[in-house]
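One structure below.
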2 protein chains.
Amino acid sequence: MTSERDHMKAGENPVVLSIDAMGGDQGPAAVVAGIALSAEKNPEIRFILHGPKDQLEPLVAKKSDLTGRCEIRDASGVVSMDDKPSQVMRSGKDTSMWSTLEAVRQGEATVAVSCGNTGALMALSMIRLRKLPGVNRPAIAILWPSRNPQGFNVMLDVGADIRADAEDLLQYALMGVSYARNGLNLKNPRVGLLNVGTEEHKGRAELKEAHELIGDIAEDGHFEFVGFVEGGDIPGNKCDVIVTDGFTGNIALKTGEGTASLISDFLKQAFAYSFLSRVASLLALTSLKRLKKRIDPRRVNGGVFLGLNGTVVKSHGAADATGVSAAVKLAFQLAQTGFTDRIAARVASAAERAQDVSENETNGPAI
Amino acid sequence: MTSERDHMKAGENPVVLSIDAMGGDQGPAAVVAGIALSAEKNPEIRFILHGPKDQLEPLVAKKSDLTGRCEIRDASGVVSMDDKPSQVMRSGKDTSMWSTLEAVRQGEATVAVSCGNTGALMALSMIRLRKLPGVNRPAIAILWPSRNPQGFNVMLDVGADIRADAEDLLQYALMGVSYARNGLNLKNPRVGLLNVGTEEHKGRAELKEAHELIGDIAEDGHFEFVGFVEGGDIPGNKCDVIVTDGFTGNIALKTGEGTASLISDFLKQAFAYSFLSRVASLLALTSLKRLKKRIDPRRVNGGVFLGLNGTVVKSHGAADATGVSAAVKLAFQLAQTGFTDRIAARVASAAERAQDVSENETNGPAI
C-alpha cells in the first residue's frame with residue numbers, strides 16, 4: 001500500500017485529492033470554482049468530488065480545466081453547520097463528508113478537503129480514518145501570519161481536544177515539525193511551547209514536563225527547541241511551530257482573528273472620517289491591498305487534522321473560490337510530499353525511542 | 001476609616017494617589033512628567049511619590065503643576081525588572097515599590113500606581129495589602145479596545161494566577177462588574193465566560209460549574225450574564241466583561257498585542273513599498289493617527305490588581321509620560337468612586353448570599 005502511494009506521488013503521476021463539495025457557506029459552486037483554479041495552476045492534480053451528482057455535474061461541466069480530471073462521487077446527504085457530531089457519526093453514512101473521508105480510508109487519495117462543520121469532520125475523521133499508531137490525541141494545526149521569512153508559523157492544537165498532557169504536547173511538537181517541514185519547506189523548524197512566561201519554572205505542571213520531553217528528543221528529531229514562548233511569539237520570529245493544548249490554542253486563534261478584524265474595521269472607519277481621508281484612502285488603496293494580501297485569511301486557508309491515517313484539510317466554512325483554492329494548494333503540497341506517511345514514521349520512531357529508553361531503564365543501562 | 005475615606009472623596013477634597021517613581025524602563029523623569037500632565041488636568045489630584053529623594057526633588061521642582069501637590073517619600077532601593085518576587089518579598093523593604101504600597105496599607109491613599117516588575121508588585125501587594133475577605137485569588141484586569149460604545153472591554157484574570165476554579169471565576173465576574181461600573185461607567189455590565197464554544201455543554205468542568213454560579217447571581221448582582229463567549233468576543237460587542245483564568249487570559253492578551261503589533265508593522269511596510277505608496281502614506285497620516293489613537297496601548301495603560309485591601313494600577317513597564325498619565329487617570333477615577341470599598345462590599349455580599357443559600361440548604365427551606 002505504501003509503495004503504491006509512493007508510486008502515485010512520483011514523477012508526472014497525478015496527485016489525487018478527495019474533496020467535499022458540500023457543507024460550506026457558499027455552496028458547491030464556490031468549491032468547484034476553487035478546485036478549477038487549482039487545476040489550472042497544477043496539471044498534476046486530480047479530484048474525487050463528493051456530493052449530489054445532479055448538482056455537481058453541471059457545475060463541473062462548465063469548467064474546462066476540470067475535464068477528465070474530476071470524478072464525481074454521488075452522495076445525497078449534506079452535513080450542515082448545526083448538525084451535532086454524534087448525530088453525523090450515527091446516521092451520516094450517505095453524506096458527502098463521509099464519502100470524502102471514505103476515499104482516503106480506501107487509499108484512493110491521501111488528503112481530504114472539506115469546508116464543512118469542524119466538529120463533525122473531526123469526529124468522523126477519528127472513527128473512519130482512526131488515529132495513527134502511537135498518537136493519543138489528534139490535533140488541528142493552522143498557519144498564522146508571522147514575522148518569519150516563510151511568512152507563517154504553525155500552531156497546534158487549535159481545538160481538536162480541550163485537554164493535552166505532556167505526552168500529547170510532545171506528539172504535537174513532532175507532528176508540527178513534520179507539518180512545518182512539508183507544508184512550509186523548513187528544514188530544521190524551531191519549536192516553542194506556549195506558556196505565560198519564558199522562565200523554566202513558570203506555568204502548569206504538564207508544561208514543565210513537556211518542556212523536558214520535547215527538549216530530550218529535539219536533536220534526534222532534527223528540530224530546534226527554543227523552550228517556552230509567550231502569546232506575542234505566535235506571530236513572531238522566535239520559533240516556527242507553537243505547541244499548546246486545544247483550549248488555549250483555540251482561544252489564541254480566535255483572539256488573534258478578532259483583533260485583526262477589529263483593527264481592519266477601525267482602519268476603514270479612520271479612512272472614512274472626512275473628505276480628505278477618503279481621498280487619502282484612494283491613494284493608499286494599493287498599499288492597503290498589499291497589507292491585506294499578507295494577512296488575508298483566505299490565503300492561509302486550512303486547518304489541518306494531524307495524527308490520523310490520512311490528512312484532512314479543513315477549509316474555512318465561509319471560503320470562496322480563492323479560499324478553497326488555497327486549501328487545495330496546501331492539500332496538494334502535503335499529498336505530493338507523502339506527508340501522511342512521513343508523519344506516521346516520525347511519531348512511530350519517537351514512540352520506539354521512548355520504548356527503548358524505558359526498556360533500557362528496566363534492564364539497566366545497555367553495554 | 002470608611003467614613004474618613006468617604007469624606008476624602010467628597011466635593012473639592014483632594015484624591016490622594018500613591019505613585020512609585022522607579023522601576024519603569026523610562027526612569028523617574030517619565031513618571032514625574034506623567035503625573036504632572038494629570039495634575040494639570042485634574043485639580044483634585046494629590047500625589048505621594050516614592051523613590052530616592054535626591055533624584056525626585058529636582059524633577060518635581062521643575063513642574064509647576066506639582067507645586068504643593070506632591071509629597072516625596074524617600075526610598076533608596078529600586079525593584080528591577082529582573083528581580084525575583086521572592087527576593088523582593090524578603091529584602092525589598094527599602095524599595096520605592098514597598099513604600100508605595102505602604103501608603104495604601106496605612107490608608108493615606110486608596111490607589112497605588114507602579115510601572116515596575118509585575119510579578120514583584122503582585123507578590124508584594126498580596127503580602128502587604130492582603131486579600132479582601134471572601135477573595136481566594138486576586139486578579140489582574142485590563143481594558144481591551146472593543147466594538148462596544150465605551151470603546152473598551154474588561155478582561156480578567158490576565159496573569160495574577162495560572163489557576164482558577166469555578167468559585168474564583170465567580171469572584172472574577174463580580175470584581176470585573178465592579179471595575180466596569182466604576183472604570184467604564186457602565187450601569188449593567190454584560191459578563192461573558194471565555195470558552196472554546198458557546199454551547200452550554202462545551203469546555204472544561206470548572207467552566208460549566210462557573211457558568212451556573214455566575215448565572216445564579218447575575219440578577220441580584222445587577223449585571224447581565226451572556227454565558228460562554230469565544231476569543232473573537234474579547235474585542236467584540238457581545239459583552240463588556242470577559243472572565244477567564246490567568247493562564248488563558250495572559251495568552252489571549254499577549255496574542256492580541258502581538259497580532260496588533262504585527263499588523264502595524266505590515267502596514268508601515270505596505271506604505272513604504274514604493275514612491276507612490278509613500279506619498280499616499282503622507283496623505284493618510286491623519287487617518288492612521290486616528291486609528292492609532294483608538295488602539296494605542298499608551299491610552300489604555302494600566303492593568304488593575306483586584307481583590308486586595310486597596311487597588312493597585314500596574315502601568316506598562318515601557319510607559320512614557322502619556323502612558324503614566326493614562327494610568328494615573330484610571331487610578332484617579334477608581335479612587336474618586338471609592339472603588340476599593342465598593343468591590344469589598346460586592347464580594348462580601350455575594351459571600352453572604354452564598355452562605356445564606358447553603359444554610360438554607362442545611363436547615364431545609366426557610367418558611
Side-chain angles (χ1 to χ4, degrees), chain A residues 119 144-147 159 162-163 194-197 202-204 230-236 244 246-267 269-274 276-292 294-295, chain B residues 119 144-147 159 162-163 194-197 202-204 230-236 244 246-267 269-274 276-277 279-295:
Chain A
W144 193 295
S146 82
R147 294 177 199 276
I162 55 167
R163 264 163 298 262
L194 192 60
N195 198 349
V196 293
K202 278 213 173 178
R204 296 169 171 160
E230 299 187 80
D233 298 315
I234 300 175
T244 187
F247 184 90
T248 311
N250 183 275
I251 302 268
L253 170 63
K254 289 182 177 163
T255 303
E257 284 178 345
T259 305
S261 135
L262 179 82
I263 295 176
S264 149
D265 287 359
F266 279 5
L267 194 60
Q269 288 168 23
F271 275 111
Y273 187 75
S274 66
L276 185 66
S277 61
R278 279 195 296 273
V279 172
S281 86
L282 281 179
L283 273 172
L285 208 60
T286 325
S287 302
L288 292 179
K289 274 194 184 149
R290 210 171 290 126
L291 166 70
K292 204 180 163 196
R294 291 183 77 172
I295 57 167
Chain B
W144 192 296
S146 82
R147 295 179 199 276
I162 55 168
R163 266 162 296 263
L194 193 60
N195 199 350
V196 294
K202 279 215 171 178
R204 297 171 169 158
E230 298 187 81
D233 297 315
I234 300 176
T244 186
F247 185 90
T248 311
N250 184 275
I251 302 267
L253 169 63
K254 289 182 178 164
T255 303
E257 284 178 346
T259 305
S261 135
L262 180 83
I263 295 175
S264 150
D265 287 359
F266 279 4
L267 194 60
Q269 288 168 24
F271 274 112
Y273 187 75
S274 67
L276 186 67
S277 62
V279 171
S281 86
L282 281 179
L283 272 172
L285 208 61
T286 325
S287 300
L288 293 178
K289 277 194 183 149
R290 208 171 290 126
L291 166 68
K292 204 178 162 197
K293 201 168 165 177
R294 289 183 79 172
I295 58 167

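Both backbone and side-chain heavy atoms feed into the values below; hydrogens, waters and symmetry mates do not. Within every chain, numbering begins at 1; the chains are lettered A, B, ... in the order of the sequence lines, protein sequences first and strands thereafter.
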What's the spacing between A:T248 OG1 and A:L194 CG if we round to 0.5 Å? 7.0 Å
dist B:I162:CD1 -> B:I251:CD1 (nearest 0.5 Å) comes out at 10.5 Å
Please look at A:D233 and chain B and tell me whether the side chain, the backbone, both or neither of the residue comes under 4.5 angstrom of a heavy atom of that chain. neither
If one checks every heavy atom of A:I234 against chain B at 4.5 Å, the contacting part turns out to be side chain
Only pairs of heavy atoms separated by less than 4.5 Å count here; which of A:N195, A:L253, A:V196 has the most with chain B? A:V196
Could you tell me if B:R204 sits above the aromatic ring of A:F247, with its cationic atom closer than 6.0 Å to the ring centre and no more than 45 degrees from the axis? yes
Chain A contact via B:S261 - which portion, at a heavy-atom distance below 4.5 Å: both
Quick one: pull up CD in A:E257 and OG1 in B:T259 and give me the separation to the nearest 0.5 Å. 10.0 Å
